[in-house]
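Here the structure is laid out as structure tokens; the discussion comes afterwards.
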2 protein chains.
Amino acid sequence: MEKSELLKIVGKRIKEIREDKGLSQVDLVGKIDGNIDTTNISRIESGRTNPTIFTLHRIAEGLDVSLQEIMNFGKPEN
Amino acid sequence: MEKSELLKIVGKRIKEIREDKGLSQVDLVGKIDGNIDTTNISRIESGRTNPTIFTLHRIAEGLDVSLQEIMNFGKPEN
DNA sequence: TTCCATCTTGACATATTTGACAAGTCAAGA
DNA sequence: TCTTGACTTGTCAAATATGTCAAGATGGAA
């Protein structure tokens, strides 16, 4: 899979989970440990940046889901 | 979860899968698209670096597993 | 011991993520 | 129209991931 494709898929997955939980980006940031702001959430959700695993981990925690759930986008052959 | 703890867990998981498949780091690098070398594999496996999702994706592809499988380390509450 | 394969570690340059702030866009509603 | 909330986008500095090379450590086999 191409880099930009992966980043878009991961971003969409995060946005999907966040919206399912009825959270705004500001809400999410408020639930995340340490410093992070909506600028980064926005860039990650739109696939414009290639986040580190630790950043994704903090987002997952804020969303109350596992990292595995964020990676849950079909592609069994991956 | 702490950053260093997460990185160690992810690293161990990658090393575990790689060794289960009987691959050396050099073997793995040979199966990965684009540039990557054993230096990075070693640093990631030992948790000394915080890899981006795309780097993990390429490693997963080289190991013939999904990203989800690499994130498969207990912690349902995460 | 000497080789050899494997892995780790340090140093370095480059690229990019991250955090922070400001400004812009857009839609909904008063 | 004006305001407000939500999100996007640009810029900047600081931190760090990545790629590369070289050297060191380790263990096994000859």
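Convention: sequence-line order gives letters A, B, ...; per-chain numbering from 1.
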Rounded interatomic separation in angstrom, taking [atom1] from [X] and [atom2] from [N]:
X	N	atom1	atom2	answer
Glu45(A)	dT17(C)	CD	P	16 Å
Arg43(A)	dT9(D)	CZ	C1'	8 Å
Ile41(A)	dC7(D)	CD1	C1'	12 Å
His57(A)	dT18(C)	NE2	P	14 Å
Ile44(B)	dT16(D)	CD1	C1'	13 Å
Asn50(A)	dT16(D)	CG	C1'	13 Å

Practice prompt. Specify the residues of residues 16-38 of chain B, ordered by number, for which at least one heavy atom lies under 4.0 angstrom from an atom of DNA chain D.
Written response: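 Nucleic-acid contacts, sorted: Asn35(B), Ile36(B), Asp37(B).
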Fill in: Neighbour count >12 (heavy atoms, 6.0 Å) for atom NZ, Lys31(B)
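Above 12, so yes.
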Item to complete: Inspect the surroundings of CG in Asp33(A) and state if more than 12 heavy atoms from other residues, nucleotides or ligands are less than 6.0 Å away.
Response: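 Counting other residues, nucleotides and ligands, CG of Asp33(A) stays at 12 neighbours or fewer.
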Worksheet item: Side-chain contact, heavy-atom cut-off 4.5 Å: Ile59(B) with Ile44(B)?
Response: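 SC-SC contact between Ile59(B) and Ile44(B) confirmed.
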Worksheet item: Does the side chain of Ser66(A) come within less than 4.5 Å of Met71(B)'s, by heavy atoms?
Response: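 Met71(B) does not reach Ser66(A) side chain to side chain.
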Item to complete: Specify the residue among Lys3(A) and Arg48(B) whose closest nucleotide of DNA chain C lies further upstream toward the 5′ end.
Response: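 Its nucleotide being nearer the 5' end, the pick is Arg48(B).
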Worksheet item: Should Thr49(A) be listed as having a side-chain N or O under 4.0 Å from OP1 or OP2 of dT17(C)?
Response: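 Affirmative; the distance criterion is met.
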Discussion item. Below the 4.0 Å mark, does dG19(C) have OP1 or OP2 next to a side-chain nitrogen or oxygen of Asn40(A)?
Written reply: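 For dG19(C), OP1 or OP2 has a side-chain N or O of Asn40(A) closer than 4.0 Å.
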Worksheet entry | Electrostatic pair Arg13(B)-Glu16(B), nearest N-O below 4.0 angstrom |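 Here Arg13(B) pairs with Glu16(B) in a salt bridge, since their nearest N and O are under 4.0 Å apart.
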Item to complete: Using Watson-Crick or G-U wobble geometry with both distances below 3.5 Å, tell me the partner of dA30(C), or none.
Response: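 Base-paired to dT1(D).
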Worksheet item: Toward the 5' end of DNA chain D, which comes first, Thr39(B) or Thr52(B), by nearest nucleotide?
Response: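 Of the two residues, Thr52(B) wins.
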Practice prompt. Examine distances only and state if a side-chain atom of Arg43(A) and a backbone atom of Arg48(A) form a donor-acceptor pair shorter than 3.5 Å.
Written response: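 Here the side-chain-to-backbone pair does not exist.
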Worksheet item: What residues form a side-chain contact (heavy atoms from CB on, under 4.5 Å) with Ser24(B), not counting sequence neighbours?
Response: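 Checked Ser24(B) against side-chain contact (heavy atoms from CB on, under 4.5 Å); matches are Val26(B), Asp27(B).
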